Amino acid sequence: MAKEITKRDENYSKWYNEIIQRAELAEHSAVRGCMVIKPTGFAVWEAMKAELDRMFKETGHVNAYFPLFIPKSFLSKEAEHVEGFATECAVVTHHRLMVDPNGKGMVVDPSARLEEELIVRPTSETIIWNTYKDWITSYRDLPLLINQWANVVRWELRTRMFLRTAEFLWQEGHTAHATQEEAEDEAKMILDIYAKFAEEYMAMPVVKGVKTANERFAGALETYTIEALMQDGKALQSGTSHFLGQNFAKAFEVKYMTKENKEEYVWATSWGVSTRLMGGLIMTHSDDAGLVLPPKLAPTQVVIIPIPKPNEEIDAVAFKIMADLKAKGVSVKYDQDTTKRPGFKFAEHEMKGIPVRLGIGKRDLEKGVVEVARRDTKEKSSQPVEGIEDYIVNLLDEIQKNLFNRALAYRTAHTTEVDTWDEFKSVLEEKGGFISAHWDGTTETELKIKELTKASIRCIALDRKEEKGKCVLTGNPSEGRVLFAKAY
RNA sequence: CCAGAUUUAGCUUAAUAAGGUUUUAAAGCGCUGGACUUGGACUCCAGGAGAUGUAGGUUCGAAUCCUACAAUUUGGACCA
């Protein structure tokens, strides 16, 4: 295996794939478009999941589980919804195999055809709303705030590790409310949770916004999104929260009795983030030396390396430091492998993104210090063994902040206001990133711009300032700027 | 799904511009055992295992040429 990985500015896609391989996050499986998430990668996902789950529960949501299979007829009950997913569904048609009468191996038993074909869920709105119909009869049953952690399948034609795979893991929240306002508030609150999670835990700055009609979830009245900017200047839609209005309630006849004894349709939301966040995490922070993980999500936050190899004296100090760190809630590993040299270990743990490395050698011990190397800046310093645990706790915090600030600075530097079409094209071509420009509000213009430049409207930022202007393409009046970018 | 590229052992690569001499497909790394080693992927000794993506075709003879399929990959179309 080569020592170095491909550099970001040489071939970003290749770099991304190599990081995943070398950091042992995931690998391709024997099934086309599906990946194996390896223990290291899954540990990061579990850390993300644990925090998100906590945040959902804190705001009154509960977990449940709905079936993997959805009767085909369910999917077609909401017209826009089915249209959005029809082209990427895996369909179960049979339930039995038999020995091939003409040869070796197994074939599908033609007599075992299902009466109604089943769709492997691409998302669960339909099966869930079919269920909610029975659960909701009174205003007393509302709001209904349910989340599920599940896998879904979307038959993608072109896949990329974590960013777009045929099967992926996610959470999908599905809520029912008595009033429109309550449902809209729910969708926005979840967006806030997503943004908070992305920024505080993933150290990934995001723009909160709403999608244009064209980019909206199939079946939603409003789609809120968090958009992040990757190091290659492309945007990543990282989480979405949808206000579904009464579309699904009407399609599945979900009505409740108000206090006034009147029958009303409920108001709905759905929202989700997926293992795609892993892709965002990798691309936001990592560098040409490998993966960089923010301390709050790193399965191992500190690694201790004995130089040149473990001995009694070094072990004693290492175990003491480990115990002190563990007592402070820091996850730490002591690399006692005697078959690898320190230099190899340094590079290996850098590749895997461990935030802090401690090196302990005889010379260090004589001086009562250890070497502390931080992954984000690659800076090294000697620190006294005495009180090292407090130093590390602060350092982890500092690294977490630095990663966020660094990513934010990148995004700020790569968000460009443009007012002319020529400028739009040249910035997109030469610099990339978000382009903040006026848009006349029509789908027609949006599609035209996409056709001409491949840039789409990522979102209309929630905090954008009102500002009269002229559409960058058509010159028609505009109420404010929107964010354009090429996207994953 | 469209266009291009790729596919030889766990990984990386070799096998003359050209199908054939000992091609009985070669090697390095990794693996196993040992030595050495106080700061960046060493070095040395010993050991064992391992491959031409799949299916056809051309040929006296195919890793090498052709076709199809598959997977991967880059760019695109499509896509919450």
Side-chain angles (χ1 to χ4, degrees), chain A residues 1-6 10-18 21-22 27-35 80-81 83-89 122-125 152 154-161 163-166 168 170 172 187 210-220 222-227 236-244 269-274 276 289-290 305-311 313-314 338-351 357-367 370-371 373 378 380 382 450-451 454 456 458-459 486-488:
Chain A
M1 197 179 293
K3 280 187 191 179
E4 310 281 337
I5 55 173
T6 302
E10 278 169 17
N11 188 334
Y12 196 80
S13 297
K14 209 171 166 197
W15 167 82
Y16 176 75
N17 286 330
E18 285 177 12
Q21 189 201 339
R22 295 287 292 275
E27 65 185 32
H28 290 286
S29 68
V31 187
R32 189 205 74 94
C34 296
M35 63 179 180
E80 283 181 43
H81 186 67
E83 204 180 312
F85 288 102
T87 58
E88 47 187 10
C89 288
T123 178
S124 303
E125 273 77 5
V152 288
R154 293 180 190 175
W155 210 261
E156 299 290 349
L157 296 173
R158 178 141 191 256
T159 60
R160 319 185 79 164
M161 287 272 200
L163 298 173
R164 175 167 282 109
T165 47
F168 57 93
W170 77 344
E172 47 180 325
V210 300
K211 287 291 192 186
T212 61
N214 178 55
E215 296 271 338
R216 224 173 257 154
F217 173 68
E222 195 81 275
T223 289
Y224 298 94
T225 177
I226 52 170
E227 298 282 329
L236 182 74
Q237 176 178 304
S238 306
T240 48
S241 178
H242 315 288
F243 168 59
L244 301 173
T269 78
S270 70
W271 28 276
V273 293
S274 71
R276 178 175 238 211
I305 298 176
I307 297 166
K309 58 182 175 183
N311 65 36
E313 204 185 347
I314 291 174
T338 54
T339 66
K340 294 189 175 70
R341 297 166 67 83
F344 183 90
K345 293 178 182 177
F346 294 166
E348 190 181 38
H349 292 120
E350 255 167 30
M351 188 67 76
R357 178 183 82 226
L358 299 184
I360 308 179
K362 194 175 164 190
R363 290 178 210 149
D364 298 312
L365 291 183
E366 282 164 3
K367 287 181 274 182
V370 294
E371 182 189 82
K378 302 238 197 74
K380 293 191 287 190
S382 283
K450 192 171 180 186
E451 187 196 321
K454 288 166 199 153
S456 53
R458 300 321 304 152
C459 68
K486 289 185 187 171
Y488 276 99

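A quick note: this is a predicted structure, and the numbers were derived from the prediction, not measured. To find a chain, count down the sequence lines: A is the first, B the second, and so on, and within it residues start at 1.
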Task: Atom-to-atom span, CD of A/Gln21 to P of B/rG10 - whole angstrom - done: 15 Å
TODO: Name the pairing partner of B/rG61, where a pair is Watson-Crick or G-U wobble with both distances under 3.5 Å, or state none.
DONE: none
Task: Minimum side-chain heavy-atom gap A/Thr339-A/Phe344 below 4.5 Å - done: no
- [ ] Go through the N and O atoms of the side chain of A/Arg158 and the base of B/rC78, and report whether any donor-acceptor pair is under 3.5 Å.
- [x] no
TODO: Starting at atom OH of A/Tyr12, determine the distance to atom P of B/rG75, rounded to an integer number of angstrom.
DONE: 12 Å
Task: Separation of the C1' atoms in B/rA3 and B/rA77, to the nearest angstrom - done: 11 Å
TODO: Rounded off to whole Å, could you give me the CD-to-P distance for the A/Glu27 and B/rG10 pair?
DONE: 13 Å
Open item on the list: Nearest whole Å is fine: how far is B/rA41 C1' from A/Met351 CE?
Closed with: 10 Å
- [ ] Using the side chain to side chain contact (heavy atoms under 4.5 Å, CB included) rule, take A/Phe346 and A/Ile307 through it: C-alpha gap first, then chi angles, then the decisive distance, then the call.
- [x] CA-CA 11 Å; A/Phe346 294 166; A/Ile307 297 166; 3.9 Å; yes
TODO: Please name the pair of heavy atoms, one in A/Leu163 and one in A/Arg276, separated by the smallest distance, quoted to 0.1 Å.
DONE: O-NE, 3.1 Å
- [ ] Kindly say whether, by distance alone, the side chain of A/Lys14 makes a donor-acceptor pair under 3.5 Å with the base of B/rU74?
- [x] no
Open item on the list: Regarding B/rG40, can its base be found pairing with the side chain of A/Lys380 as donor and acceptor, where the two atoms are less than 3.5 Å apart?
Closed with: yes
Open item on the list: By nearest atom, which of the nucleotides B/rA41, B/rG40, B/rU72 is closest to the A/Glu350 side chain?
Closed with: B/rG40
TODO: Report the base-pairing partner of B/rA77 (Watson-Crick or G-U wobble, both distances below 3.5 angstrom), or none.
DONE: none
- [ ] Pick out which of A/Glu80, A/Glu125, A/Lys211, A/Glu222 makes a side-chain contact (heavy atoms from CB on, under 4.5 Å) with A/Phe217.
- [x] A/Glu125
Task: Comparing A/Arg341 and A/Gly33 on RNA chain B - which has the more 5′ nearest nucleotide - done: A/Arg341
Task: Inter-nucleotide P distance (B/rC11, B/rU58), Å rounded - done: 33 Å
TODO: Counting Watson-Crick and G-U wobble pairs only, both distances under 3.5 Å, name the nucleotide matched with B/rA68, or none.
DONE: B/rU54
Open item on the list: Tell me the interatomic distance from A/Phe344, atom CZ, to B/rU43, atom C1', rounded to whole angstroms.
Closed with: 16 Å
Task: Opposite nucleotide pairing with B/rG19, Watson-Crick or G-U, both atom distances under 3.5 Å - done: none
Open item on the list: I need the CZ-C1' distance between A/Arg32 and B/rU54, as an integer number of Å.
Closed with: 18 Å
TODO: Among B/rU37, B/rA71, B/rG40, find the nucleotide with the atom closest to the side chain of A/Phe346.
DONE: B/rG40
Open item on the list: With rounding to the closest Å, how many angstrom separate the P atoms on B/rA63 and B/rC44?
Closed with: 35 Å
Open item on the list: Assuming nearest nucleotide by heavy-atom distance, tell me which of A/Thr159 and A/Gly239 is located more 5' along RNA chain B.
Closed with: A/Thr159
TODO: Check whether any side-chain heavy atom of A/Arg160 sits under 4.5 Å from a side-chain heavy atom of A/Asn17, and report yes or no.
DONE: no
TODO: Kindly point out which of B/rC1, B/rU74, B/rC79 is positioned nearest to the side chain of A/Glu156?
DONE: B/rC79
Open item on the list: Taking only the C1' atom of each, what is the distance from B/rG53 to B/rU72 in whole angstrom?
Closed with: 11 Å
- [ ] Using a heavy-atom cut-off of under 4.0 Å over every strand shown, decide if A/Thr223 touches base, sugar-phosphate, or nothing.
- [x] nothing
Task: Residue A/His28, side-chain atoms from C-beta onward, closest of B/rA77, B/rU74, B/rU73 - done: B/rU73
Open item on the list: Short of 4.0 Å, heavy atom to strand atom, which residues of residues 210-220 of chain A count as contacting RNA chain B?
Closed with: A/Glu215, A/Phe217
Open item on the list: So if I take every side-chain heavy atom of A/Arg22 and compare against B/rG76, B/rA41, B/rU72, which nucleotide ends up nearest?
Closed with: B/rA41
Open item on the list: I'd like to know if A/Glu350 pairs up with A/Lys378 as an ion pair, taking the criterion as any Lys NZ or Arg NE/NH1/NH2 lying under 4.0 Å from an Asp or Glu carboxylate oxygen.
Closed with: no
TODO: Pick the P atom in B/rC66 and in B/rG4, then give their distance to the nearest Å.
DONE: 15 Å
Open item on the list: So, taking the atom named OG1 in A/Thr123 and the one named NE2 in A/His242, what distance separates them when rounded to the nearest 0.5 Å?
Closed with: 7.5 Å
Task: Proximity to the side chain of A/Arg357 - top-ranked nucleotide from B/rU37, B/rG40, B/rC79 - done: B/rG40
- [ ] May I have the distance from A/Glu18 (atom CD) to B/rU12 (atom C1'), rounded to whole angstrom?
- [x] 12 Å
- [ ] With a 3.5 angstrom cut-off on both distances, give the Watson-Crick or G-U wobble partner of B/rG28, or none if there isn't one.
- [x] B/rC11
Open item on the list: With heavy-atom distances below 4.5 Å as the criterion, would you say the side chains of A/Ser456 and A/Glu215 are in contact?
Closed with: yes
- [ ] Could you tell me whether A/Asn17 contacts a base, only the sugar-phosphate backbone, or nothing, with contacts defined as non-hydrogen atoms closer than 4.0 Å?
- [x] sugar-phosphate
Task: side-chain N/O A/Ser13 vs B/rU73 OP1/OP2, d < 4.0 Å - done: no
Task: Residue A/Lys14 excluded, over 12 heavy atoms near NZ under 6.0 Å - done: no
Open item on the list: Rounded to whole Å, how long is the line connecting atom CD of A/Glu348 with atom P of B/rC42?
Closed with: 12 Å
Open item on the list: Over all strands shown, is A/Arg160 touching base, sugar-phosphate only, or nothing at heavy-atom distances under 4.0 angstrom?
Closed with: sugar-phosphate
- [ ] Take atom C1' in B/rU43 and the same atom in B/rG28, then report the distance between them in whole Å.
- [x] 15 Å
Open item on the list: Roughly how many Å apart are B/rA51 and B/rC69, using the P atom of each and rounding to a whole number?
Closed with: 28 Å
Open item on the list: In whole Å, measure the gap between the C1' atoms of B/rA35 and B/rG50 for me.
Closed with: 27 Å
Open item on the list: Less than 3.5 Å apart, any donor N or O on the side chain of A/Arg32 or A/Thr159 sitting next to an acceptor on the other?
Closed with: no
- [ ] Could you check whether A/Lys378 gets within reach of a base, just the sugar-phosphate, or nothing at all, counting any heavy atom under 4.0 Å?
- [x] nothing
